[in-house]
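Okay, so here's the structure we're looking at.
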Amino acid sequence: MNSAKIRVLLAEDDLDFQLLTADEINAQEDMCLIYAASTREDAFRAARALTPDIVLMDLNLTGSYLDGIETSRDIRLATDTKVIILTSFENPEITVDACKRAFASGYVYKSQFSILVETIRKTAKGYTPQEHMINSLILADLSPAEQSVFYTLLGKELHLRSSPKTIANQKKAILHKFGLQSQQQLLHLFHDKL
């Protein structure tokens with residue numbers, strides 16, 4: 001059995017919650033907190049430099065709802081790190097939308113702190129049902145034809161009946177819907193999802 005610890009980076013501006021989370025993670029034999037960031041810039045820099053297995057990202061980092069989403073997206077695009085969103089907003093619609101936009105692997109409500117460690121463990125070890133649900137909802141924003149093109153972009157062999165121009169337009173539409181700049185970004189985010 002691999003004895004390597006799950007390396008966790010925490011992005012959280014509430015110092016009390018940061019300390020509580022650090023104590024809980026460091027009490028586990030199979031994981032360790034490698035860094036705690038309080039700002040968006042610090043979290044991104046640390047994620048790139050330290051390459052953690054998991055980033056726990058406060059959705060409302062530094063008081064701005066978008067900070068957690070945008071920082072998570074940036075981390076996902078720049079690294080192979082999985083992101084778990086932490087939030088006190090117990091609104092499933094807001095949370096799932098944030099996870100989709102951030103390309104997160106999962107989420108935990110702060111009131112569900114007791115499941116945080118197990119969520120980290122399961123997310124680090126593989127493709128969880130929560131991650132599958134988030135990815136399914138991301139793909140649901142694509143038309144059936146765009147979904148077929150999406151899968152061919154990831155290397156799945158499908159016979160597309162559309163013209164090359166139509167396929168090229170669908171590729172552009174997919175990137176636009178996901179807010180991505182290139183096919184390489186798409187491959188980076190979804191290469192392990194087939």
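For the single chain, residues carry numbers from 1 onward in sequence order.
Under a hydrophobic-cluster definition in which Ile, Leu, Val, Met, Phe, Trp and Tyr are linked whenever side-chain heavy atoms come within less than 4.5 Å, directly or via other members, Phe17 and Leu59 are assigned to different clusters. Note: the hydrophobic cluster containing Ile85 also contains Leu189 (ILVMFWY, side chain heavy atoms under 4.5 Å, direct or indirect links). Under the 4.5 Å side-chain heavy-atom criterion for Ile, Leu, Val, Met, Phe, Trp and Tyr, Tyr35 and Val8 are members of distinct hydrophobic clusters. Leu10 and Leu61 are assigned to two separate hydrophobic clusters, defined by single-linkage of ILVMFWY side chains at heavy-atom distances under 4.5 Å. Ile94 and Leu86 end up in different hydrophobic clusters when Ile, Leu, Val, Met, Phe, Trp and Tyr side chains are linked at under 4.5 Å.
Within the 4.5 Å cutoff, the side chain of Gln28 has no heavy atoms near those of the Ile6 side chain. Within the 4.5 Å cutoff, the side chain of His132 has no heavy atoms near those of the Pro129 side chain. Contact of the Tyr127 side chain with the Asn135 side chain is registered, since non-hydrogen atoms from C-beta on lie closer than 4.5 Å.
Here the NZ atom belonging to Lys177 is positioned 12.5 Å from the CZ atom belonging to Phe150, to the nearest 0.5 angstrom. A distance of 11.5 Å separates OG in Ser136 from CG in Asp141, rounded to the nearest 0.5 Å. Interatomic distance, Ile84 CD1 to Leu116 CG, rounded to the nearest 0.5 Å: 7.0 Å. Atom-to-atom distance recorded for Ile54:CD1 and Thr81:OG1 is 8.0 Å, nearest 0.5 angstrom. One finds the OG1 atom of Thr79 at 8.0 Å from the CZ atom of Phe44 (value rounded to the nearest 0.5 Å). Tyr107 OH to Gln112 CD: the interatomic distance, rounded to the nearest 0.5 Å, is 7.5 Å.
Between Glu146 and Ala173, the shortest heavy-atom contact is OE2-CB, 3.3 Å. What you find for Gly106 and Cys99 is that their closest heavy atoms are O-SG, 3.9 Å. In plain terms, the two heavy atoms of Ser38 and Asp13 that are nearest each other are O-CB, 3.6 Å. The shortest heavy-atom contact between Gly179 and Arg73 is O-NH2, 2.9 Å. Taking every heavy atom of both residues into account, Leu77 and Leu180 meet most closely at CD2-CD2, 3.9 Å. Shortest non-hydrogen contact noted between Leu33 and Ile25 is N-CG2, 3.6 Å.
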Any chance you could lay out the side chain to side chain contact (heavy atoms under 4.5 Å, CB included) test for Glu24 and Phe113, step after step, and finish with the verdict? CA-CA 10 Å; Glu24 185 67 20; Phe113 188 78; 3.8 Å; yes

Check the pair Leu186, Lys171 against side chain to side chain contact (heavy atoms under 4.5 Å, CB included), reporting the backbone distance first and the verdict last. CA-CA 10 Å; Leu186 183 84; Lys171 286 179 185 179; over 6 Å; no

What's the verdict on side chain to side chain contact (heavy atoms under 4.5 Å, CB included) for Val83 and Ser105, showing C-alpha distance, side-chain angles and the deciding distance? CA-CA 6 Å; Val83 173; Ser105 295; 5.9 Å; no

Should Leu160 and Ser148 be marked as a side chain to side chain contact (heavy atoms under 4.5 Å, CB included) after you check the CA-CA gap, both sets of side-chain angles, and the distance that decides it? CA-CA 7 Å; Leu160 301 178; Ser148 294; 3.7 Å; yes

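Under the salt bridge (Lys or Arg N to Asp or Glu O under 4.0 Å) rule, Glu131 has a single partner from Lys125, Lys82, Lys122, which is Lys82.
Between Lys100 and Asp97 there is no salt bridge, since none of the side-chain N atoms of the basic residue sits less than 4.0 Å from a carboxylate O of the acidic one. For the pair Glu118 and Arg121, the salt-bridge criterion is met [side-chain N within less than 4.0 Å of a carboxylate O]. Electrostatic pairing of Asp14 and Lys110 does not count as a salt bridge here, judged by no charged N lying under 4.0 Å from a carboxylate O.
Judged purely by atom type and a 3.5 angstrom limit, Thr152 uses its side chain to pair as donor or acceptor with the backbone of Val149. Put simply, the side chain of Gln147 gets close to the backbone of Leu139: a donor and an acceptor are under 3.5 Å apart. His188 contributes a side-chain N or O that, together with a main-chain N or O of Arg76, makes up a donor-acceptor pair within less than 3.5 Å. Side chain of Glu12 to backbone of Ala36: no donor-acceptor contact under 3.5 angstrom is found.
The local environment of CZ in Arg48 is sparse, with at most 12 non-hydrogen atoms from other residues, nucleotides or ligands closer than 6.0 Å.
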